[in-house]
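Read through the structure below, which is laid out as structure tokens, and then see the notes.
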Amino acid sequence: MSDLLITGARLADGTTGDLGVREGVFVDPADLGGDAERLDAEGLLALPGLVDLHTHLREPGREDAETVATGTRAAARGGYTAVFAMANTDPVTDTAESAAYVAHLGRRDGDCEVVPVGAVSRGLAGEELAELGLMAEHAGVTVFSDDGRCVHDPLLMRRALTYLKPYDAVLAQHAQDPRLAGPGACCHESQIQGVLGLPGWPSVAESAIIARDVMLAEYCGARYHACHVSTAESVDVLRWAKKRGVQVTAEVTPHHLLLQTEEVAGYDTTYKVNPPLRTREHVDAVREALADGTIDAVATDHAPHAQQDKDHPFDVALPGMIGLEQSLAVVMEVMVNSGRMDWPTLVKRMSATPAEIGRLRHQGRPIAVGEPANLVLVDPDARAVVDAAASASKARNNPYGGRELPDPVVATVWAGRRTYQR
Ligand code: NCD
Ligand code: ZN
């Protein structure tokens with residue numbers, strides 16, 4: 001790997017200068033050899049590489065929908081240098097061996113770091129605990145989740161939290177009470193849902209689970225993370241729990257920051273997602289919560305699906321939408337360009353804090369001499385209409401296709417290697 005000289009970049013704090021990269025680390029540009037490759041970053045912003053706590057890479061098992069190679073290529077195009085790969089693959093990542101295998105696929109095929117998430121329950125069945133200790137000790141797993149399914153049994157949740165505490169691991173919950181929002185639920189319970197005649201998914205199915213869980217997390221003294229928070233009531237619960245000192249963190253997706261229930265009015269299954277797109281009051285609440293830190297991080301919930309799994313009536317199509325490539329664009333549009341958030345806060349929500357939650361010590365670090373060379377070069381002014389067909393992902397369930405959005409990512413560098421350049 002040759003040396004790299006990045007010239008004229010501006011950092012999130014407003015300072016401008018040249019950056020040297022040698023053997024995966026930022027160095028003083030004066031220490032580079034004369035044959036260093038050059039990357040002109042005049043007028044561009046250099047941010048630490050983004051970290052995604054919630055990515056579905058589908059490998060092993062559904063390589064027709066996505067692979068580690070294609071998913072991480074999409075991640076690099078979106079400015080990400082690390083993604084946490086969710087456990088709902090086939091087979092499920094519920095043993096140390098299967099977690100080690102996902103990490104191996106990442107090292108072999110990845111255009112960014114791939115960190116395996118371990119399942120909480122065996123086979124995601126919600127009945128007995130998976131090999132939590134073995135995954136933590138032998139595969140370095142720090143985030144455990146049955147995502148796609150809710151850990152519904154309070155006793156299983158209690159045992160998982162108790163078990164994970166000594167490992168300093170975090171339990172990431174897909175909060176959806178299956179008794180209140182069952183398998184058919186697919187549209188936010190609201191007036192529009194009644195008109196459309198789709199099975200309802202009430203917001204309380206999320207907030208009631210988070211309320212129970214934060215009490216259990218407090219009781220067990222363990223770390224708890226709420227995935228894809230989508231409702232105003234969930235935000236209220238989180239605010240209360242944080243004030244009480246519970247070790248709770250939360251994420252919001254780009255789609256829940258930008259899109260509303262109305263999108264499903266045409267029954268386009270691209271917009272079918274779990275939890276469902278919500279109404280204005282909820283969207284406003286999660287935006288405010290991300291700005292004030294009640295919601296700690298943005299996570300994509302990149303959920304690629306093969307077309308044949310989306311080509312069904314709305315209530316039976318698979319839920320999920322992709323998001324790695326447009327995540328930064330959406331957060332810029334909704335949070336930065338609207339004046340809700342500054343660049344240093346965006347860096348916290350999309351890089352430093354997700355790395356901290358996942359205990360990834362070499363990601364989410366500042367851009368400074370001696371630090372790992374993970375960065376994304378951003379053009380803050382470029383805009384473009386999103387072309388869903390141009391995605392690096394195998395999947396085409398892109399909810400942003402045809403929308404005009406910022407087009408920020410110019411180049412991504414992961415561990416000193418250029419993983420994307422426009
Ligand atoms: C995700 C998937 O497809 O795996 N789907 C979704 O609608 N979000 C699972 C999940 O993140 O809950
Ligand atoms: Zn989920």
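Only a predicted model underlies this, so the values are computations on that prediction, with no experimental measurement involved. One-based numbering along the sequence shown. Atoms within a ligand are numbered from 1 in the order they appear, just like the ligands themselves. What's counted below: heavy atoms across the whole structure, side chains too, no hydrogens, waters or symmetry copies.
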Assess whether ring pair (Phe, Tyr, Trp, His ring centres under 6.0 Å) is satisfied between H228 and H174, documenting all intermediate values. CA-CA 7 Å; H228 41 51; H174 171 114; 4.8 Å; yes
Once rounded to the nearest 0.5 Å, what's the spacing between atom CZ of F144 and atom CG of L164?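 Result: 5.5 Å between the selected atoms.
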Just checking, R278 and W201: is the charged tip under 6.0 Å from the six-membered ring centre and within 45° of the axis?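 Yes, R278 and W201 form such a contact.
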Just checking R212: does its CZ atom have more than 12 heavy atoms from other residues, nucleotides or ligands closer to it than 6.0 angstrom?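 Above 12, so yes.
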Can you tell me which N/O/S atom of D147 has the shortest distance to the Zn ion (ligand 2)?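 It is OD1, the N, O or S atom of D147 closest to the Zn ion (ligand 2).
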Identify, by name, the N, O or S atom of H174 lying closest to the Zn ion (ligand 2).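 Of all N, O or S atoms in H174, the Zn ion (ligand 2) lies closest to ND1.
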H282 and H188 aromatic centres sub-6.0 Å: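 Between H282 and H188, the centre distance is under 6.0 Å.
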Specify whether an N/O/S atom of H228 falls short of 2.8 Å from the Zn ion (ligand 2).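 It does; at least one qualifying atom falls short of 2.8 Å.
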Taking all atoms of both residues into account, what is the closest heavy-atom pair of A289 and V235, and its distance?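 So the minimum-distance heavy-atom pair works out to CB-CG1, 3.7 Å.
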Give the protein residues with at least one non-hydrogen atom closer than 4.0 Å to an atom of ligand 1, ordered by chain and number.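 Contacts of ligand 1 under 4.0 Å: H54, H56, R58, N88, D147, G148, H174, H228, V273, N274, D301, A303, H305, P319, G320.
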Take E137 and Y167 through the test side chain to side chain donor-acceptor pair (under 3.5 Å) and record every step on the way to the result. CA-CA 8 Å; E137 279 173 38; Y167 294 105; 2.7 Å; yes
